[in-house]
Number of protein chains: 2
Amino acid sequence: MPNALRVAVDLVVFTIRDGALQALLIRRGVPPFEGEWALPGGFVLDETLEAAARRELEEETGLQHVYLEQLYTFGDPGRDPRGRVVSVAYFALIRPEPVRASTDAAEARWFPAAKPPRLAFDHAAILEAGLRRLRAKLGYTTLGSQLLSEEFTLTQLQSLYQTLLERRFDKRNFRRRVLSLGLVRPVRGKTARGAHRPAQLYTFRSGPIQVLDDPIL
Amino acid sequence: MPNALRVAVDLVVFTIRDGALQALLIRRGVPPFEGEWALPGGFVLDETLEAAARRELEEETGLQHVYLEQLYTFGDPGRDPRGRVVSVAYFALIRPEPVRASTDAAEARWFPAAKPPRLAFDHAAILEAGLRRLRAKLGYTTLGSQLLSEEFTLTQLQSLYQTLLERRFDKRNFRRRVLSLGLVRPVRGKTARGAHRPAQLYTFRSGPIQVLDDPIL
DNA sequence: CCAAAAGTGTTGAAACTACACCCATGG
DNA sequence: CCATGGGTGTAGTTTCAACACTTTTGG
(Lines give C-alpha, C1' and ligand atoms only; values in the text may rest on other atoms or scores of the structure.)
Protein backbone atom coordinates (compact mmCIF):
# COMPACT_ATOMS: atom_id res chain seq x y z
CA MET A 1 0.00 0.00 0.00
CA PRO A 2 1.40 3.38 -1.02
CA ASN A 3 2.41 5.95 1.54
CA ALA A 4 -0.37 7.93 3.13
CA LEU A 5 -0.60 11.66 2.59
CA ARG A 6 -2.93 14.19 4.07
CA VAL A 7 -5.33 16.22 2.02
CA ALA A 8 -6.40 19.73 2.88
CA VAL A 9 -8.47 22.45 1.30
CA ASP A 10 -7.40 26.08 1.19
CA LEU A 11 -9.67 28.93 0.31
CA VAL A 12 -9.05 32.08 -1.63
CA VAL A 13 -11.97 34.24 -0.53
CA PHE A 14 -12.55 37.46 -2.42
CA THR A 15 -14.83 40.37 -1.80
CA ILE A 16 -15.06 44.00 -2.78
CA ARG A 17 -14.54 46.50 0.03
CA ASP A 18 -13.73 50.18 -0.16
CA GLY A 19 -13.72 49.91 -3.91
CA ALA A 20 -10.90 47.38 -3.95
CA LEU A 21 -10.63 43.63 -4.25
CA GLN A 22 -9.83 42.09 -0.89
CA ALA A 23 -8.88 38.60 0.22
CA LEU A 24 -9.66 36.98 3.53
CA LEU A 25 -6.66 35.93 5.63
CA ILE A 26 -6.33 34.24 8.98
CA ARG A 27 -3.65 34.76 11.57
CA ARG A 28 -2.36 31.33 12.48
CA GLY A 29 -2.70 30.48 16.15
CA VAL A 30 -0.61 27.33 16.09
CA PRO A 31 2.70 26.20 14.59
CA PRO A 32 3.92 25.98 11.95
CA PHE A 33 3.98 29.63 10.90
CA GLU A 34 2.34 30.63 14.18
CA GLY A 35 1.39 34.29 14.14
CA GLU A 36 1.68 34.58 10.38
CA TRP A 37 -1.10 35.22 7.91
CA ALA A 38 -2.48 32.36 5.84
CA LEU A 39 -5.42 31.40 3.74
CA PRO A 40 -8.33 29.85 5.57
CA GLY A 41 -8.45 26.10 5.20
CA GLY A 42 -8.14 22.77 6.91
CA PHE A 43 -7.99 19.04 6.49
CA VAL A 44 -10.57 17.10 4.57
CA LEU A 45 -12.80 14.81 6.61
CA ASP A 46 -15.23 12.16 5.43
CA GLU A 47 -16.92 14.48 2.94
CA THR A 48 -16.51 15.71 -0.62
CA LEU A 49 -13.75 18.19 -1.31
CA GLU A 50 -16.27 20.92 -1.98
CA ALA A 51 -18.09 20.10 1.25
CA ALA A 52 -14.83 20.46 3.11
CA ALA A 53 -14.29 23.85 1.52
CA ARG A 54 -17.82 24.97 2.40
CA ARG A 55 -17.43 23.77 5.94
CA GLU A 56 -14.20 25.68 6.44
CA LEU A 57 -15.67 28.75 4.85
CA GLU A 58 -18.65 28.68 7.12
CA GLU A 59 -16.44 28.19 10.15
CA GLU A 60 -14.38 31.24 9.23
CA THR A 61 -17.02 33.60 7.94
CA GLY A 62 -20.39 32.22 8.95
CA LEU A 63 -21.44 32.44 5.32
CA GLN A 64 -23.42 29.85 3.41
CA HIS A 65 -24.62 29.68 -0.19
CA VAL A 66 -21.47 31.28 -1.46
CA TYR A 67 -20.06 30.89 -4.94
CA LEU A 68 -17.29 28.33 -4.75
CA GLU A 69 -15.12 26.86 -7.45
CA GLN A 70 -12.18 24.51 -7.44
CA LEU A 71 -9.01 26.34 -8.37
CA TYR A 72 -5.94 24.14 -8.46
CA THR A 73 -4.22 21.47 -6.43
CA PHE A 74 -0.88 22.13 -4.82
CA GLY A 75 1.11 19.14 -3.75
CA ASP A 76 4.84 19.72 -3.84
CA PRO A 77 6.66 17.71 -1.19
CA GLY A 78 7.94 20.16 1.35
CA ARG A 79 5.21 22.74 0.93
CA ASP A 80 4.14 21.95 4.50
CA PRO A 81 6.81 21.41 7.15
CA ARG A 82 4.56 18.98 9.02
CA GLY A 83 4.88 16.43 6.25
CA ARG A 84 3.30 15.68 2.94
CA VAL A 85 0.09 17.63 2.55
CA VAL A 86 -1.72 17.95 -0.74
CA SER A 87 -3.96 20.96 -0.77
CA VAL A 88 -6.92 21.43 -3.06
CA ALA A 89 -7.47 25.16 -3.41
CA TYR A 90 -10.92 26.63 -3.90
CA PHE A 91 -11.89 30.14 -4.61
CA ALA A 92 -14.95 31.86 -3.22
CA LEU A 93 -16.72 35.11 -3.99
CA ILE A 94 -18.53 37.00 -1.29
CA ARG A 95 -21.05 39.76 -1.85
CA PRO A 96 -20.43 42.99 0.02
CA GLU A 97 -21.85 43.80 3.47
CA PRO A 98 -22.95 41.00 5.72
CA VAL A 99 -19.51 39.68 6.47
CA ARG A 100 -18.42 38.93 9.94
CA ALA A 101 -14.88 38.11 8.91
CA SER A 102 -13.89 37.08 12.37
CA THR A 103 -14.05 33.63 13.78
CA ASP A 104 -14.13 32.40 17.33
CA ALA A 105 -10.51 31.95 18.09
CA ALA A 106 -8.16 33.08 15.36
CA GLU A 107 -7.95 36.56 13.97
CA ALA A 108 -9.39 37.03 10.48
CA ARG A 109 -9.03 40.10 8.30
CA TRP A 110 -9.50 41.39 4.80
CA PHE A 111 -6.39 42.48 2.91
CA PRO A 112 -6.00 44.06 -0.51
CA ALA A 113 -5.73 41.12 -2.86
CA ALA A 114 -3.09 42.82 -4.94
CA LYS A 115 -0.60 43.33 -2.12
CA PRO A 116 -1.18 40.92 0.71
CA PRO A 117 1.23 40.54 3.66
CA ARG A 118 3.78 37.75 3.76
CA LEU A 119 1.89 34.48 3.72
CA ALA A 120 2.56 31.10 5.29
CA PHE A 121 3.26 27.94 3.26
CA ASP A 122 2.89 28.45 -0.50
CA HIS A 123 -0.22 30.50 0.05
CA ALA A 124 1.10 33.48 -1.87
CA ALA A 125 1.17 31.34 -5.00
CA ILE A 126 -2.33 30.07 -4.32
CA LEU A 127 -3.69 33.57 -3.86
CA GLU A 128 -1.96 34.59 -7.06
CA ALA A 129 -3.61 31.73 -8.92
CA GLY A 130 -6.99 32.80 -7.56
CA LEU A 131 -6.48 36.32 -8.80
CA ARG A 132 -5.54 35.15 -12.26
CA ARG A 133 -8.59 32.90 -12.43
CA LEU A 134 -10.94 35.61 -11.27
CA ARG A 135 -9.63 38.11 -13.79
CA ALA A 136 -9.77 35.63 -16.63
CA LYS A 137 -13.29 34.42 -15.94
CA LEU A 138 -14.66 37.89 -15.43
CA GLY A 139 -14.44 38.47 -19.13
CA TYR A 140 -16.37 35.47 -20.41
CA THR A 141 -18.71 34.48 -17.58
CA THR A 142 -21.20 36.20 -15.31
CA LEU A 143 -18.93 35.49 -12.36
CA GLY A 144 -18.83 39.14 -11.48
CA SER A 145 -22.45 38.91 -10.36
CA GLN A 146 -21.27 37.13 -7.22
CA LEU A 147 -19.24 40.11 -6.07
CA LEU A 148 -22.15 42.55 -6.16
CA SER A 149 -25.31 42.65 -4.14
CA GLU A 150 -28.36 41.20 -5.84
CA GLU A 151 -29.35 44.65 -7.12
CA PHE A 152 -26.79 47.08 -8.40
CA THR A 153 -26.39 50.04 -10.69
CA LEU A 154 -24.63 49.82 -14.00
CA THR A 155 -22.01 52.18 -12.67
CA GLN A 156 -21.27 49.75 -9.85
CA LEU A 157 -20.96 46.94 -12.36
CA GLN A 158 -18.61 49.00 -14.47
CA SER A 159 -16.48 49.91 -11.45
CA LEU A 160 -16.20 46.25 -10.60
CA TYR A 161 -14.79 45.45 -13.99
CA GLN A 162 -12.52 48.45 -13.97
CA THR A 163 -11.16 47.65 -10.54
CA LEU A 164 -10.45 44.02 -11.23
CA LEU A 165 -9.04 44.44 -14.68
CA GLU A 166 -7.23 47.68 -13.94
CA ARG A 167 -8.62 49.16 -17.08
CA ARG A 168 -10.99 51.97 -17.86
CA PHE A 169 -14.08 51.60 -20.04
CA ASP A 170 -16.22 54.09 -21.85
CA LYS A 171 -19.50 54.45 -20.01
CA ARG A 172 -21.75 54.41 -23.04
CA ASN A 173 -20.02 51.51 -24.72
CA PHE A 174 -19.97 49.47 -21.53
CA ARG A 175 -23.67 49.96 -20.90
CA ARG A 176 -24.59 49.21 -24.47
CA ARG A 177 -22.59 46.01 -24.29
CA VAL A 178 -24.02 44.50 -21.12
CA LEU A 179 -27.51 45.57 -22.02
CA SER A 180 -27.38 44.19 -25.55
CA LEU A 181 -26.02 40.89 -24.25
CA GLY A 182 -29.17 40.70 -22.17
CA LEU A 183 -27.30 39.67 -19.05
CA VAL A 184 -29.01 42.10 -16.82
CA ARG A 185 -32.57 43.23 -16.19
CA PRO A 186 -33.80 46.55 -14.74
CA VAL A 187 -35.71 46.39 -11.46
CA ARG A 188 -38.70 48.58 -10.68
CA GLY A 189 -37.54 51.18 -8.22
CA LYS A 190 -34.46 53.29 -7.84
CA THR A 191 -31.55 53.66 -5.53
CA ALA A 192 -31.98 56.67 -3.28
CA ARG A 193 -28.55 55.97 -1.84
CA GLY A 194 -26.71 58.71 -3.69
CA ALA A 195 -26.87 62.36 -2.80
CA HIS A 196 -27.36 62.65 -6.54
CA ARG A 197 -29.63 61.61 -9.29
CA PRO A 198 -31.04 58.17 -8.46
CA ALA A 199 -29.80 55.34 -10.65
CA GLN A 200 -31.75 52.47 -12.11
CA LEU A 201 -31.10 49.17 -10.35
CA TYR A 202 -30.45 45.96 -12.24
CA THR A 203 -30.18 42.26 -11.47
CA PHE A 204 -28.51 39.48 -13.37
CA ARG A 205 -31.03 37.57 -15.39
CA SER A 206 -29.43 34.18 -14.69
CA GLY A 207 -29.23 32.96 -11.13
CA PRO A 208 -26.24 30.67 -11.48
CA ILE A 209 -23.10 31.65 -13.23
CA GLN A 210 -23.08 31.08 -16.91
CA VAL A 211 -20.41 30.95 -19.55
CA LEU A 212 -21.10 33.40 -22.33
CA ASP A 213 -21.11 32.61 -26.01
CA ASP A 214 -19.40 35.88 -26.70
CA PRO A 215 -17.47 37.65 -24.01
CA ILE A 216 -18.35 40.87 -22.24
CA LEU A 217 -14.93 42.28 -22.97
CA MET B 1 -3.97 14.03 13.40
CA PRO B 2 -6.63 13.88 10.66
CA ASN B 3 -7.43 10.68 8.88
CA ALA B 4 -5.05 9.63 6.16
CA LEU B 5 -6.17 9.46 2.56
CA ARG B 6 -4.38 8.32 -0.49
CA VAL B 7 -3.58 10.56 -3.43
CA ALA B 8 -3.39 9.38 -6.99
CA VAL B 9 -2.95 10.92 -10.40
CA ASP B 10 -5.04 9.96 -13.39
CA LEU B 11 -4.21 10.90 -16.94
CA VAL B 12 -6.40 11.90 -19.81
CA VAL B 13 -4.10 11.34 -22.76
CA PHE B 14 -5.24 12.62 -26.12
CA THR B 15 -3.90 12.16 -29.58
CA ILE B 16 -5.15 12.43 -33.14
CA ARG B 17 -5.41 9.15 -35.04
CA ASP B 18 -7.33 8.34 -38.18
CA GLY B 19 -8.57 11.89 -38.25
CA ALA B 20 -10.29 11.58 -34.90
CA LEU B 21 -9.47 12.51 -31.35
CA GLN B 22 -8.52 9.45 -29.34
CA ALA B 23 -7.91 8.83 -25.66
CA LEU B 24 -5.56 6.30 -24.14
CA LEU B 25 -7.15 3.65 -21.93
CA ILE B 26 -5.74 0.77 -19.96
CA ARG B 27 -7.35 -2.57 -19.29
CA ARG B 28 -7.12 -3.13 -15.55
CA GLY B 29 -5.26 -6.27 -14.57
CA VAL B 30 -6.18 -6.23 -10.88
CA PRO B 31 -9.30 -5.60 -8.80
CA PRO B 32 -11.24 -3.47 -8.39
CA PHE B 33 -12.78 -3.24 -11.85
CA GLU B 34 -10.49 -6.02 -13.09
CA GLY B 35 -10.78 -6.42 -16.84
CA GLU B 36 -12.46 -3.05 -17.32
CA TRP B 37 -11.05 -0.03 -19.10
CA ALA B 38 -9.69 2.88 -17.09
CA LEU B 39 -7.52 5.94 -17.44
CA PRO B 40 -3.83 5.42 -16.87
CA GLY B 41 -2.70 6.57 -13.46
CA GLY B 42 -1.36 5.55 -10.10
CA PHE B 43 -0.50 6.63 -6.61
CA VAL B 44 1.70 9.59 -5.87
CA LEU B 45 5.07 8.83 -4.36
CA ASP B 46 7.61 11.21 -2.88
CA GLU B 47 7.53 13.58 -5.84
CA THR B 48 5.52 16.50 -7.13
CA LEU B 49 2.09 15.81 -8.53
CA GLU B 50 3.25 16.65 -12.01
CA ALA B 51 6.25 14.37 -11.63
CA ALA B 52 3.90 11.56 -10.65
CA ALA B 53 1.84 12.21 -13.74
CA ARG B 54 4.91 12.22 -15.96
CA ARG B 55 6.19 9.06 -14.41
CA GLU B 56 2.93 7.22 -14.99
CA LEU B 57 2.74 8.55 -18.51
CA GLU B 58 6.22 7.34 -19.32
CA GLU B 59 5.46 3.94 -17.83
CA GLU B 60 2.38 3.57 -20.00
CA THR B 61 3.53 5.10 -23.26
CA GLY B 62 7.29 5.44 -23.09
CA LEU B 63 6.88 9.11 -23.95
CA GLN B 64 8.74 12.00 -22.42
CA HIS B 65 8.58 15.76 -22.99
CA VAL B 66 4.87 15.69 -23.47
CA TYR B 67 2.51 18.57 -22.89
CA LEU B 68 0.90 18.06 -19.51
CA GLU B 69 -1.50 20.22 -17.59
CA GLN B 70 -3.39 19.78 -14.35
CA LEU B 71 -7.07 19.32 -15.01
CA TYR B 72 -9.17 18.92 -11.89
CA THR B 73 -9.15 17.03 -8.63
CA PHE B 74 -11.73 14.38 -7.91
CA GLY B 75 -12.22 13.37 -4.33
CA ASP B 76 -15.72 12.21 -3.56
CA PRO B 77 -15.78 9.60 -0.83
CA GLY B 78 -16.77 6.35 -2.43
CA ARG B 79 -15.28 7.05 -5.84
CA ASP B 80 -12.82 4.22 -5.18
CA PRO B 81 -14.09 1.04 -3.51
CA ARG B 82 -10.71 0.47 -1.88
CA GLY B 83 -11.20 3.48 0.38
CA ARG B 84 -10.72 7.18 0.22
CA VAL B 85 -8.62 8.13 -2.76
CA VAL B 86 -8.28 11.69 -3.98
CA SER B 87 -7.21 11.79 -7.59
CA VAL B 88 -5.55 14.72 -9.26
CA ALA B 89 -6.32 14.45 -12.95
CA TYR B 90 -3.89 15.67 -15.60
CA PHE B 91 -4.36 15.92 -19.25
CA ALA B 92 -1.70 15.22 -21.82
CA LEU B 93 -1.41 15.83 -25.55
CA ILE B 94 0.57 13.48 -27.73
CA ARG B 95 1.75 14.23 -31.23
CA PRO B 96 0.85 11.67 -33.88
CA GLU B 97 3.15 8.79 -34.84
CA PRO B 98 5.73 7.53 -32.44
CA VAL B 99 3.35 6.03 -29.93
CA ARG B 100 3.83 2.62 -28.56
CA ALA B 101 0.59 2.67 -26.64
CA SER B 102 1.23 -0.64 -25.05
CA THR B 103 2.97 -1.24 -21.79
CA ASP B 104 4.68 -4.27 -20.39
CA ALA B 105 1.89 -5.97 -18.57
CA ALA B 106 -1.51 -4.39 -19.01
CA GLU B 107 -3.27 -3.88 -22.30
CA ALA B 108 -3.38 -0.28 -23.51
CA ARG B 109 -5.40 1.05 -26.43
CA TRP B 110 -6.62 4.20 -28.10
CA PHE B 111 -10.37 4.79 -28.17
CA PRO B 112 -12.39 7.54 -29.78
CA ALA B 113 -12.56 10.24 -27.13
CA ALA B 114 -16.15 11.03 -27.95
CA LYS B 115 -17.49 7.55 -27.32
CA PRO B 116 -15.26 5.57 -25.03
CA PRO B 117 -16.23 2.17 -23.59
CA ARG B 118 -17.59 1.86 -20.07
CA LEU B 119 -14.94 3.12 -17.71
CA ALA B 120 -13.95 2.14 -14.18
CA PHE B 121 -14.31 4.44 -11.15
CA ASP B 122 -15.47 7.95 -12.08
CA HIS B 123 -13.16 7.98 -15.06
CA ALA B 124 -15.91 8.77 -17.52
CA ALA B 125 -16.42 12.09 -15.77
CA ILE B 126 -12.69 12.77 -15.78
CA LEU B 127 -12.40 12.05 -19.47
CA GLU B 128 -15.37 14.31 -20.07
CA ALA B 129 -13.69 17.11 -18.15
CA GLY B 130 -10.55 16.66 -20.23
CA LEU B 131 -12.51 16.95 -23.43
CA ARG B 132 -14.20 20.13 -22.31
CA ARG B 133 -10.89 21.65 -21.30
CA LEU B 134 -9.23 20.75 -24.56
CA ARG B 135 -12.03 22.21 -26.64
CA ALA B 136 -12.16 25.39 -24.61
CA LYS B 137 -8.44 26.06 -24.69
CA LEU B 138 -8.11 25.31 -28.35
CA GLY B 139 -9.78 28.60 -29.12
CA TYR B 140 -7.61 30.97 -27.13
CA THR B 141 -4.24 29.22 -26.81
CA THR B 142 -1.76 27.52 -29.11
CA LEU B 143 -2.51 24.22 -27.39
CA GLY B 144 -3.41 22.66 -30.69
CA SER B 145 0.23 22.75 -31.68
CA GLN B 146 0.85 19.82 -29.33
CA LEU B 147 -1.45 17.54 -31.30
CA LEU B 148 0.33 18.03 -34.60
CA SER B 149 3.81 17.08 -35.68
CA GLU B 150 6.36 19.87 -35.59
CA GLU B 151 5.71 20.67 -39.24
CA PHE B 152 2.25 20.62 -40.69
CA THR B 153 0.16 22.05 -43.47
CA LEU B 154 -2.50 24.65 -42.92
CA THR B 155 -5.06 22.14 -44.07
CA GLN B 156 -3.97 19.78 -41.30
CA LEU B 157 -4.26 22.56 -38.77
CA GLN B 158 -7.71 23.41 -40.01
CA SER B 159 -8.80 19.78 -39.86
CA LEU B 160 -7.60 19.61 -36.28
CA TYR B 161 -9.82 22.50 -35.29
CA GLN B 162 -12.74 21.19 -37.27
CA THR B 163 -12.47 17.74 -35.77
CA LEU B 164 -12.23 18.89 -32.20
CA LEU B 165 -14.82 21.59 -32.36
CA GLU B 166 -17.16 19.69 -34.67
CA ARG B 167 -17.50 22.75 -36.80
CA ARG B 168 -16.55 23.67 -40.31
CA PHE B 169 -14.48 26.70 -41.24
CA ASP B 170 -14.01 28.57 -44.44
CA LYS B 171 -10.58 27.79 -45.83
CA ARG B 172 -9.66 31.32 -46.84
CA ASN B 173 -10.89 32.91 -43.64
CA PHE B 174 -9.13 30.31 -41.51
CA ARG B 175 -5.82 30.77 -43.25
CA ARG B 176 -6.04 34.53 -43.16
CA ARG B 177 -6.73 34.37 -39.45
CA VAL B 178 -3.89 32.13 -38.33
CA LEU B 179 -1.47 33.83 -40.66
CA SER B 180 -2.39 37.35 -39.62
CA LEU B 181 -2.10 36.38 -35.94
CA GLY B 182 1.48 35.43 -36.73
CA LEU B 183 1.23 32.17 -34.86
CA VAL B 184 2.76 30.14 -37.53
CA ARG B 185 5.79 30.40 -39.81
CA PRO B 186 6.36 28.78 -43.20
CA VAL B 187 9.25 26.33 -43.51
CA ARG B 188 11.46 26.05 -46.56
CA GLY B 189 10.51 22.90 -48.38
CA LYS B 190 7.28 21.19 -49.22
CA THR B 191 5.42 18.08 -48.32
CA ALA B 192 5.61 15.56 -51.09
CA ARG B 193 3.28 13.31 -49.13
CA GLY B 194 0.19 13.96 -51.19
CA ALA B 195 -0.52 12.47 -54.56
CA HIS B 196 -1.52 16.02 -55.28
CA ARG B 197 -0.21 19.50 -55.31
CA PRO B 198 2.44 19.84 -52.55
CA ALA B 199 1.51 22.06 -49.64
CA GLN B 200 3.65 24.55 -47.78
CA LEU B 201 4.72 23.35 -44.34
CA TYR B 202 4.45 25.55 -41.28
CA THR B 203 5.63 25.48 -37.67
CA PHE B 204 4.36 27.30 -34.63
CA ARG B 205 6.48 30.33 -33.90
CA SER B 206 6.35 29.85 -30.13
CA GLY B 207 7.82 26.72 -28.62
CA PRO B 208 5.75 26.58 -25.47
CA ILE B 209 2.04 27.07 -25.40
CA GLN B 210 0.89 30.61 -25.15
CA VAL B 211 -2.35 32.28 -24.31
CA LEU B 212 -3.47 34.58 -27.06
CA ASP B 213 -4.52 38.19 -26.64
CA ASP B 214 -7.28 37.65 -29.12
CA PRO B 215 -8.56 34.20 -29.87
CA ILE B 216 -8.14 32.18 -33.03
CA LEU B 217 -11.84 31.52 -33.17
C1' DC C 1 -5.67 14.00 -68.93
C1' DC C 2 -8.00 13.56 -64.77
C1' DA C 3 -8.62 13.43 -59.79
C1' DA C 4 -7.44 15.69 -55.68
C1' DA C 5 -5.88 19.00 -52.68
C1' DA C 6 -3.46 23.85 -52.64
C1' DG C 7 -3.86 28.39 -52.94
C1' DT C 8 -5.76 33.06 -53.42
C1' DG C 9 -9.43 38.53 -53.10
C1' DT C 10 -13.48 41.08 -52.74
C1' DT C 11 -17.60 42.92 -50.90
C1' DG C 12 -21.48 43.95 -47.96
C1' DA C 13 -22.82 43.66 -43.10
C1' DA C 14 -21.86 43.99 -38.40
C1' DA C 15 -19.24 45.38 -34.52
C1' DC C 16 -16.18 48.47 -32.32
C1' DT C 17 -14.19 52.89 -30.78
C1' DA C 18 -14.06 57.51 -29.68
C1' DC C 19 -16.36 61.29 -28.22
C1' DA C 20 -19.73 65.56 -25.18
C1' DC C 21 -23.64 67.17 -23.33
C1' DC C 22 -28.07 67.54 -20.53
C1' DC C 23 -30.66 65.58 -16.38
C1' DA C 24 -32.21 64.67 -11.69
C1' DT C 25 -31.38 64.86 -7.02
C1' DG C 26 -29.61 66.14 -2.09
C1' DG C 27 -27.49 69.31 0.51
C1' DC D 1 -28.02 76.90 -6.95
C1' DC D 2 -24.46 73.88 -7.43
C1' DA D 3 -21.92 69.62 -7.08
C1' DT D 4 -22.28 64.97 -8.23
C1' DG D 5 -23.14 61.04 -10.56
C1' DG D 6 -26.96 59.28 -14.19
C1' DG D 7 -28.10 58.81 -18.58
C1' DT D 8 -28.05 59.03 -23.79
C1' DG D 9 -26.52 58.86 -29.91
C1' DT D 10 -23.56 59.11 -33.91
C1' DA D 11 -19.97 58.62 -37.34
C1' DG D 12 -15.68 56.70 -39.02
C1' DT D 13 -13.01 52.52 -38.87
C1' DT D 14 -12.18 47.86 -38.43
C1' DT D 15 -13.39 43.27 -38.42
C1' DC D 16 -16.08 39.41 -39.97
C1' DA D 17 -18.58 36.16 -43.03
C1' DA D 18 -19.76 34.53 -47.30
C1' DC D 19 -18.44 33.19 -51.59
C1' DA D 20 -15.62 30.27 -56.59
C1' DC D 21 -12.16 29.60 -59.43
C1' DT D 22 -7.24 28.53 -61.00
C1' DT D 23 -2.93 25.87 -59.96
C1' DT D 24 0.04 21.97 -59.26
C1' DT D 25 1.11 17.44 -58.83
C1' DG D 26 0.82 12.03 -59.06
C1' DG D 27 -1.12 8.35 -61.13
Side-chain angles (χ1 to χ4, degrees), chain A residues 16 18-20 96 138-140 144 148-163 165-204 212-217, chain B residues 16 18-20 96 138-140 148-149 151-163 165-204 212-217:
Chain A
I16 300 283
D18 316 322
L138 208 58
Y140 65 92
L148 294 173
S149 23
E150 289 289 352
E151 305 189 339
F152 52 87
T153 66
L154 292 185
T155 303
Q156 287 170 341
L157 183 62
Q158 184 176 348
S159 313
L160 174 67
Y161 276 83
Q162 292 186 159
T163 300
L165 302 178
E166 291 171 315
R167 240 177 94 194
R168 204 131 273 281
F169 300 103
D170 177 83
K171 185 166 38 155
R172 283 167 289 192
N173 293 340
F174 182 84
R175 288 158 111 88
R176 190 186 3 259
R177 187 99 184 114
V178 311
L179 258 3
S180 77
L181 285 174
L183 299 179
V184 105
R185 184 191 51 223
V187 177
R188 251 54 83 195
K190 293 164 184 288
T191 180
R193 288 260 305 163
H196 314 299
R197 173 176 179 178
Q200 175 63 256
L201 288 175
Y202 292 82
T203 40
F204 276 87
L212 305 172
D213 323 339
D214 52 18
I216 303 184
L217 317 171
Chain B
I16 300 282
D18 316 323
L138 209 56
Y140 65 93
L148 294 173
S149 23
E151 306 189 339
F152 52 87
T153 67
L154 292 185
T155 302
Q156 286 170 340
L157 183 63
Q158 183 176 351
S159 313
L160 173 68
Y161 276 82
Q162 294 187 157
T163 300
L165 301 179
E166 291 171 316
R167 240 177 94 194
R168 206 131 271 282
F169 300 101
D170 177 83
K171 184 165 40 154
R172 282 166 290 190
N173 293 340
F174 183 85
R175 288 159 110 89
R176 187 184 5 258
R177 187 100 184 113
V178 311
L179 257 4
S180 77
L181 284 174
L183 298 179
V184 105
R185 185 191 50 223
V187 176
R188 251 51 88 193
K190 293 165 184 285
T191 179
R193 289 260 302 162
H196 313 298
R197 174 175 177 178
Q200 176 63 256
L201 288 174
Y202 292 82
T203 41
F204 276 88
L212 304 172
D213 322 338
D214 52 18
I216 303 183
L217 316 171

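Each chain gets a letter, A, B and so on, in the order its sequence line appears, and its residues count up from 1.
- Rounded to whole Å, the distance from CG on B:L154 to C1' on C:dA6 is 10 Å.
- The distance from atom CZ of B:R177 to atom C1' of C:dT8 is 19 Å, rounded to the nearest whole Å.
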Exercise. Along nucleotides 18-25 of chain D, 5' to 3', which nucleotides get a B, which get an S, and which get a -, given that the test is a protein heavy-atom distance under 4.0 Å?
Worked result: BBB--BBB

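- Per the geometry, CD belonging to B:Q156 stands 12 Å off C1' belonging to C:dA5, to the nearest Å.
- Here C:dA15 presents its P atom at 17 Å from CG of A:L217, a figure rounded to the nearest Å.
- For D:dT8, the OP1/OP2 oxygens have no side-chain nitrogen or oxygen of A:R175 closer than 4.0 Å.
- The nearest whole Å value for the distance from the CZ atom in A:F169 to the P atom in C:dA18 is 12 Å.
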For this session: Starting at the 5' end of DNA chain D, write a dot or bracket for each base, bracketing those in Watson-Crick or G-U wobble pairs whose two distances are under 3.5 Å and using | for partners on another strand.
Result: |||||||||||||||||||||||||||

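- Put simply, CD on B:Q200 is 14 Å from C1' on C:dT8, counting in whole angstrom units.
- In this entry the distance linking CZ of A:R168 with P of C:dC19 reads 15 Å, nearest Å.
- The side-chain contact (heavy atoms from CB on, under 4.5 Å) check on B:P198 picks up B:K190, with sequence neighbours excluded.
- In this structure A:E150 satisfies the salt bridge (Lys or Arg N to Asp or Glu O under 4.0 Å) test together with A:R95, sequence neighbours excluded.
- Rounded to an integer number of Å, the gap from A:D214 CG to D:dT15 P is 18 Å.
- Annotation: side chain to side chain donor-acceptor pair (under 3.5 Å) contacts of A:R177 (sequence neighbours excluded): none.
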Problem set entry | Pair A:L148-A:Y202, side-chain contact (heavy atoms from CB on, under 4.5 Å): steps then yes or no | CA-CA 11 Å; A:L148 294 173; A:Y202 292 82; over 6 Å; no

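- For the atom pair CG (A:L157) and CD1 (A:I216), the distance works out to 7.0 Å, reported to the nearest 0.5 Å.
- Legend: residues meeting side chain to side chain donor-acceptor pair (under 3.5 Å) with A:R197, ordered by chain and number and at least two apart, are absent.
- Side-chain N/O atoms of B:T155 include one lying less than 4.0 angstrom from OP1 or OP2 on C:dA6.
- When the ring pair (Phe, Tyr, Trp, His ring centres under 6.0 Å) test is applied to A:Y140, no partner is found at least two apart in sequence or on another chain.
- With sequence neighbours excluded, the residues that form a side-chain contact (heavy atoms from CB on, under 4.5 Å) with A:T155 are A:T153, A:S159, A:R175.
- In this structure A:L165 satisfies the side-chain contact (heavy atoms from CB on, under 4.5 Å) test together with A:R135, A:L138, A:Y161, A:R167, A:F169, A:L217, sequence neighbours excluded.
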